[in-house]
Amino acid sequence: MTLHLEDLRVRRLGECHYDSPFSEMLAAKQTSPHYVAEGDRVLLEDTVSMLAKHNLPANQLPSFEAAGPRRKIYFDPAHVSAGVVTCGGLCPGLNNVIRGLVQELTVHYGVKRILGFRNGFRGMTAENRNDTIELTPERVRDINNAGGTILGSSRGAQDADEMVDSLVLRGINVLFIIGGDGSMRAATRLSAAIRARDLDIAVIGVPKTIDNDLPFTDQSFGFQSAFAQATEFISSVSVEAAASPDGIGIVKLMGRHSGFIACYASLALNTADIVLIPEVPFVLEGTDGLLARVEQHVRSKGYVVIVVAEGAGQDLLAERGLLQSDATDASGNAKLGDIGALLRESITAHLTDAGLTPTVRYIDPSYAIRSVTANAYDSVYCLRLAHAAVHAAMAGRTETAVVRWRRRFVHVPMPLIISYRNQVDPDGDLWMSVLEATGHLFPPRTHGGLDQEQSHGGHRGVRRPAGWDDGVAIQNAGQLDVDLPDINSARSFP
Ligand SMILES: Nc1ncnc2c1ncn2[C@@H]1O[C@H](COP(=O)(O)OP(=O)(O)O)[C@@H](O)[C@H]1O
Ligand SMILES: O=P(O)(O)OC[C@H]1O[C@](O)(COP(=O)(O)O)[C@@H](O)[C@@H]1O
Ligand SMILES: [Mg+2]
């Protein structure tokens, strides 16, 4: 992947002239293993070989702007009206982020007016723009105790100019968009429309997706809660399969193009025999095929547990005429065929032909997973992301997402966060762990990896960049204006 240093630069609305409520607290702070000082940057890459390859001075190494409070801010809090919108599929923690934004804006910055647009971007159309929810600390006090989003969410396209009109008409100068890859694309278009009109409106994204398919973020919020919930279903199906003669347990988990939930949920329990994800193609028939593998398990162990991500094996459905290849949802996301049903039918037929008496238990708990409340870990994560989002907005950052990258909170320019899709790397250590846990090195790597065109997994124009594993090639197009701290004055740690 070739990045220009310019790609890492965060857009600012202008100079910061107002004192921040955090100025005093920040006065003596310096970079440490636990804090990144304002002006310092967080490295994009984290191995010696990757960094050495660039052969660049430290202040030109690819890096992200640190998130967090600034000593000076761009907006006068007395003149800030904030908007919040949640878009796309649900994800644990949406309410936690909304609550965190409202608390930080009101308690620390003294912002008086926060409006929640309802039902995603649909709430920002001319028809719906006045149907907002006033978000006050009282209104959001307990919302973290419920899954979903108090604002509602939706899929489907809206006109960017019409949404900008809504911001202007409702007097919003800071907008927080909590959404996934689609929402970040929409946010980029919205930002372009704002820029075209030369408006002083900050747009900050808080990336959301239980699929964990956004790049440049360690793990998206809600992901841990989602895969923790998924383990409950793997556990149930394992019990059912083990208690049936020739038992087959199949759990289909979300993951349209990225199999992270399937991997993590499987690893958490370590009871799955076979894990199938979109990133690793497999075949049904033949000695290397799934059916032979399932039969082997049933004959040796008595039952088999399969965890399958919904996007796995879409090529197999297509071959059998079970997939309408160009079908999309309202947001343009590919509509998938039911891989779980194909597995159920073909495994039943195969084992019956082989003289066995299969009992297949197939469950698809998708909506029972993404609707749960955030667990304690995600609750902390959501709150900290919300804090970072508010600091970014108040400091006049725009067209920027706040994420955690290599444990630090950073600002990632929106074009980068939609530059490709984060997927499980078949050559990476996560998939290796899955293969180690299932113990059977299945599916075998006979069909190439992610750099080959995925049957149905490829998103229009978005694919994992070739060569990512080799590190990022940086085009040194100008220096970043990095104000690195004086390392000699940095505190020392035992
Ligand atoms: N390329 C795009 N340009 C403009 N708007 C988009 C684009 N992709 C998605 N959107 C809009 O963003 C919102 C959320 O997208 P969606 O794909 O449903 O969920 P997510 O943001 O979780 O990926 C929808 O209203 C959708 O229409
Ligand atoms: O049925 P819906 O609401 O369209 O959602 C299904 C999809 O939502 C997802 O969770 C991802 O959605 P987002 O990109 O909106 O996070 C997929 O895994 C799943 O295929
Ligand atoms: Mg999406």
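- Distance OG/Ser346 to CG/Leu290: 7.0 Å, rounded to 0.5 Å.
- For the atom pair CG (Asn145) and CG (Asn96), the distance works out to 8.5 Å, reported to the nearest 0.5 Å.
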message: If you apply the rule side chain to side chain contact (heavy atoms under 4.5 Å, CB included), what do you find for Phe117 with Leu151, and how did you get there?
response: CA-CA 7 Å; Phe117 290 98; Leu151 298 178; over 6 Å; no
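- Contact annotation: the side chain of Val10 never approaches that of Thr398 to less than 4.5 Å [non-hydrogen atoms, C-beta and beyond].
- No donor-acceptor distance shorter than 3.5 angstrom exists from the side chain of Ser153 to the backbone of Asn119, with no hydrogens or angles considered.
- At least one side-chain heavy atom of Leu8 sits under 4.5 Å from a side-chain heavy atom of Phe64.
- Between Phe227 and Phe260, the distance from one ring center to the other does not fall under 6.0 angstrom.
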Throw together a table of side-chain donor-acceptor distances under 3.5 angstrom for residues 364-372, partners on residues two or more places apart or in other chains.
from   : atom 1 : to     : atom 2 : distance (Å)
Asp364 : OD1    : Ser366 : N      : 3.2
Asp364 : OD1    : Ser366 : OG     : 2.5
Ser371 : OG     : Tyr367 : O      : 2.6

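- Without hydrogens or angle criteria, Asp7 side chain to His4 main chain gives a donor-acceptor distance under 3.5 Å.
- Glu295 pairs in a side chain to side chain donor-acceptor pair (under 3.5 Å) with only one of the listed residues (Arg299, Arg293, His297), which is Arg299.
- Annotation: side chain of Ile250 is not in contact with side chain of Val305 (no heavy-atom distance under 4.5 Å).
- In the displayed structure, Arg344 atom CZ is contacted under 6.0 Å by more than 12 heavy atoms of other residues, nucleotides or ligands.
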message: For Ile339 and Leu276: C-alpha separation, side-chain torsions, deciding distance, then whether side chain to side chain contact (heavy atoms under 4.5 Å, CB included) applies.
response: CA-CA 10 Å; Ile339 184 63; Leu276 302 169; 5.9 Å; no
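- For the pair Trp405 (side chain) and Val42 (backbone), a donor-acceptor distance under 3.5 Å is absent.
- Pro358 places none of its side-chain heavy atoms less than 4.5 Å from the side chain of Val298.
- A salt bridge is defined here as a Lys NZ or Arg NE, NH1 or NH2 lying under 4.0 Å from an Asp or Glu carboxylate O, and Lys252 with Glu310 fails to meet this definition.
- Side-chain contact check for Tyr420 and Asp181: no donor-acceptor pair (N or O, by modelled atom type) lies under 3.5 Å.
- For the atom pair CD1 of Ile261 and CZ of Phe223, the computed distance is 6.0 Å after rounding to the nearest 0.5 Å.
- Side-chain polar atoms of Arg155 and Ser331 form no donor-acceptor pair below 3.5 angstrom.
- Thr400 contributes no side-chain N or O that, together with a main-chain N or O of Arg397, makes up a donor-acceptor pair within less than 3.5 Å.
- With hydrogens and angles left out, the side-chain atoms of Thr357 and Asp246 include a donor and acceptor closer than 3.5 Å.
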- request: Before giving the answer on salt bridge (Lys or Arg N to Asp or Glu O under 4.0 Å), spell out for Lys335 and Asp329 the whole-Å C-alpha distance, their side-chain angles and the decisive distance to 0.1 Å.
  value: CA-CA 6 Å; Lys335 272 195 180 167; Asp329 69 10; over 6 Å; no
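- With hydrogens and angles ignored, the 3.5 Å screen pairs no side-chain donor or acceptor of Asp429 with any backbone N or O of Met432.
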task: Go through Asp338 and Tyr362 one step at a time and tell me if the side chain to side chain donor-acceptor pair (under 3.5 Å) criterion holds.
output: CA-CA 11 Å; Asp338 188 351; Tyr362 165 39; 2.7 Å; yes
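- The backbone N or O of Ser63 sits less than 3.5 Å from a side-chain atom of Arg41, completing a donor-acceptor pair.
- Scanning all heavy atoms of the two residues, the minimum distance from Ala392 to Val402 falls at CB-CG1, 4.1 Å.
- Using a cutoff of 4.0 Å between basic side-chain nitrogens and carboxylate oxygens, Arg320 and Glu285 are scored as salt-bridged.
- The 12-atom threshold is not exceeded at CZ of Arg189, counting heavy atoms of other residues, nucleotides or ligands nearer than 6.0 Å.
- The backbone N or O of Arg407 sits less than 3.5 Å from a side-chain atom of Asp218, completing a donor-acceptor pair.
- At distances below 3.5 Å, not a single donor-acceptor pair connects side-chain atoms of Gln423 with backbone N or O atoms of Gly259.
- Asp378 and Ser225 are linked by a side-chain donor-acceptor pair at a separation below 3.5 angstrom, with hydrogens and angles left out of the test.
- Here the CG atom belonging to Leu90 is positioned 9.0 Å from the CD1 atom belonging to Ile210, to the nearest 0.5 angstrom.
- Distance check: Leu430 CG to Leu267 CG gives 6.0 Å after rounding to the nearest 0.5 Å.
- Within the 4.5 Å cutoff, the side chain of Gln158 has no heavy atoms near those of the Met124 side chain.
- Partner of Phe176 under the side chain to side chain contact (heavy atoms under 4.5 Å, CB included) criterion, out of Ile98, Thr86, Val390: Val390 alone.
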- request: Apply side chain to side chain contact (heavy atoms under 4.5 Å, CB included) to the pair Asp273 and Thr438, showing each step before the final yes or no.
  value: CA-CA 5 Å; Asp273 300 296; Thr438 52; 5.9 Å; no
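- The main-chain N or O of Gly255 is never found under 3.5 Å from a side-chain atom of Ser258 such that the two would form a donor-acceptor pair.
- Under the 3.5 Å distance criterion, with hydrogens and angles disregarded, no donor-acceptor pair is assigned to the side chains of His257 and Glu279.
- With rounding to the nearest 0.5 Å, the separation of CD in Glu240 from CZ in Arg361 is 5.0 Å.
- A cation-pi arrangement is present between Arg404 and Tyr381, with the terminal nitrogen or guanidinium carbon under 6.0 Å from the aromatic centre and inside a 45° cone about the axis.
- Under the 3.5 Å distance criterion, with hydrogens and angles disregarded, no donor-acceptor pair is assigned to the side chains of Thr359 and Ser244.
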- prompt: Can Asn375 and Gln224 be said to form a side chain to side chain contact (heavy atoms under 4.5 Å, CB included), step by step?
  reply: CA-CA 8 Å; Asn375 66 16; Gln224 281 216 0; 4.1 Å; yes
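- Judged by distance alone, the side chain of Asn95 and the main-chain N or O of Ile143 form a donor-acceptor pair under 3.5 Å.
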